[in-house]
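Chain letters run A, B, ... following the sequence lines, proteins first and then strands; every chain starts at 1. Just so you know, these numbers use all the heavy atoms, side chains as well, and skip hydrogens, waters and symmetry mates.
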2 protein chains.
Amino acid sequence: MDPNERRRLILDRSAEIFARKGVSATTIREIGQAVGVHSGALYHYFPSKEAIVTELVREYVTDLAGRCRAVVAKQLPPLERMRAFTEIVLATNVDYPGATAVWRREGDYMRERVVEADLTELADTMTHAWQEAIRDGVASGELRADIDPRIFHELIYDALWHTERWFTPGEQHTVRELAAIVTSVFVDGMRARD
Amino acid sequence: MDPNERRRLILDRSAEIFARKGVSATTIREIGQAVGVHSGALYHYFPSKEAIVTELVREYVTDLAGRCRAVVAKQLPPLERMRAFTEIVLATNVDYPGATAVWRREGDYMRERVVEADLTELADTMTHAWQEAIRDGVASGELRADIDPRIFHELIYDALWHTERWFTPGEQHTVRELAAIVTSVFVDGMRARD
DNA sequence: GTCTATACCACGATAGAC
DNA sequence: GTCTATCGTGGTATAGAC
């Protein structure tokens with residue numbers, strides 16, 4: 001097998017097992033088995049188990065930040081920007097189910113990997129862009145000023161972050177459709193209006 | 001030290017460390033150190049590390065289900081019931097920060113403990129009560145019928161579940177105040193209205 | 001580049017003195 | 001009821017043959 005292909009396989013299988021059982025409950029032998037090589041062979045690709053996690057973090061953070069910046073560059077009005085961010089987060093959850101789940105599970109540990117890999121700025125891109133969009137919306141009068149923007153941000157971010165647990169794209173809705181639904185709930189509210 | 005007191009201490013300290021590092025990354029020796037006894041002594045109180053987790057689950061699930069049933073018994077109209085549930089979840093997060101965090105971190109593992117301890121019915125009480133309240137709200141015309149109730153439930157539940165990460169009662173808001181804010185965001189929406 | 005074999009260590013849990 | 005001491009297991013990581 002091509003070395004790059006095998007490296008990719010190690011990352012993908014690891015992410016999947018990490019997501020299911022947690023990093024420290026996952027053994028090197030288990031990863032080797034899932035990849036189809038003996039545990040020792042893994043050390044030709046990564047110097048340690050932790051290095052696999054760090055690489056997963058790097059890929060995820062880099063892609064998310066890139067997509068985020070592409071949206072910011074469009075300079076959309078606040079509400080449209082928020083809908084675009086929602087779609088990005090949902091799509092990235094789908095594209096990186098392993099990394100998303102590990103992050104959810106072991107946020108503190110992942111944060112250590114982020115710091116270790118010098119990715120703090122990149123990792124905070126999405127959060128800062130969200131907070132800016134919400135502030136802009138309040139400033140323009142489109143969003144309520146009586147709700148603390150930080151609280152609103154935490155609520156929507158946690159809700160989005162965890163969609164991966166119950167959402168499978170295409171089954172009931174596409175990512176775009178779910179983004180519209182989530183935005184509608186958070187912006188318009190669940191109350192019926194006539 | 002009184003045996004019951006020590007047992008309590010083991011549970012509390014364990015919950016705290018489990019929450020911070022995850023169950024499988026926490027060692028028996030570490031718990032012993034935090035409690036102030038040698039690791040072997042812990043086995044006079046619990047037969048295994050897993051049994052500590054199971055006991056934490058039992059306490060948490062029992063209390064949450066009890067509070068939930070007390071609200072259901074009041075037979076409040078849907079929106080008021082939802083606000084009461086919100087307050088319960090927030091309050092229980094505050095009262096059981098360890099159990100909440102472990103559950104968040106290792107949902108699947110906790111679910112196994114729930115099944116093992118024959119607590120499945122009790123553990124699902126809150127979720128079912130939420131779903132019923134939302135369905136009642138849609139049926140009475142107070143809530144929108146064009147949003148899938150299950151999606152709304154997932155969104156609000158995930159948002160509530162994770163407040164423990166950023167909310168400390170009394171600092172900015174009380175539990176009651178935050179419950180009102182969260183309910184307002186989810187029911188009324190974030191859009192400014194004149 | 002992957003294998004077999006293993007060093008070395010830390011883990012959960014136990015035994016028996018006090 | 002807690003101590004010291006330790007068993008057996010299984011972990012990460014390494015060494016050296018092929």
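With contacts defined as side-chain heavy-atom distances shorter than 4.5 Å, the pair A/T125/A/W130 does not qualify. A/E59 is listed as a side-chain neighbour of A/L11, based on a closest heavy-atom distance under 4.5 Å.
Counting to the nearest Å, the C1' atom of C/dG12 and the CD1 atom of B/I10 are 15 Å from each other. In this structure, the NE2 atom of B/H38 is 15 Å from the P atom of C/dC11, given to the nearest Å. Residue A/N4 contributes atom CG, which lies 14 Å from atom C1' of C/dG1 at whole-angstrom precision. Distance, B/E5 CD to D/dG1 C1': 15 Å, rounded to whole Å. Summarising the geometry, the separation between CG on A/L42 and P on D/dA13 is reported as 10 Å, rounded to the nearest angstrom. Put simply, OH on A/Y45 is 13 Å from C1' on C/dC3, counting in whole angstrom units. Whole-Å rounding puts the A/D2 CG to C/dG1 P distance at 10 Å.
Cation-pi geometry between A/R165 and A/F167 is not satisfied (NZ or CZ under 6.0 Å from the ring centre, within 45° of the ring normal).
Within the 4.0 angstrom heavy-atom criterion, no nucleotide atom of any strand lies near A/F46.
With 3.5 Å as the limit, one finds a donor-acceptor pair spanning the side chains of B/E142 and B/S140. In summary, the side chains of A/E154 and B/T163 do not present any donor paired with an acceptor at a separation below 3.5 Å, with no hydrogens or angles considered.
The distance from atom CZ of B/R144 to atom CG of A/D188, rounded to the nearest 0.5 Å, is 5.5 Å.
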Where do N or O atoms of nucleotides 8-12 of chain D meet protein N or O atoms at under 3.5 Å, pair by pair?
{"unit_1": "D/dG11", "atom_1": "N7", "unit_2": "A/R29", "atom_2": "NH1", "d": "3.3"}
{"unit_1": "D/dT12", "atom_1": "OP1", "unit_2": "A/T26", "atom_2": "O", "d": "3.3"}
{"unit_1": "D/dT12", "atom_1": "OP1", "unit_2": "A/I28", "atom_2": "N", "d": "3.1"}
{"unit_1": "D/dT12", "atom_1": "OP1", "unit_2": "A/K49", "atom_2": "NZ", "d": "3.3"}
{"unit_1": "D/dT12", "atom_1": "OP2", "unit_2": "A/I28", "atom_2": "N", "d": "2.8"}
{"unit_1": "D/dT12", "atom_1": "O4", "unit_2": "A/R29", "atom_2": "NH2", "d": "3.2"}

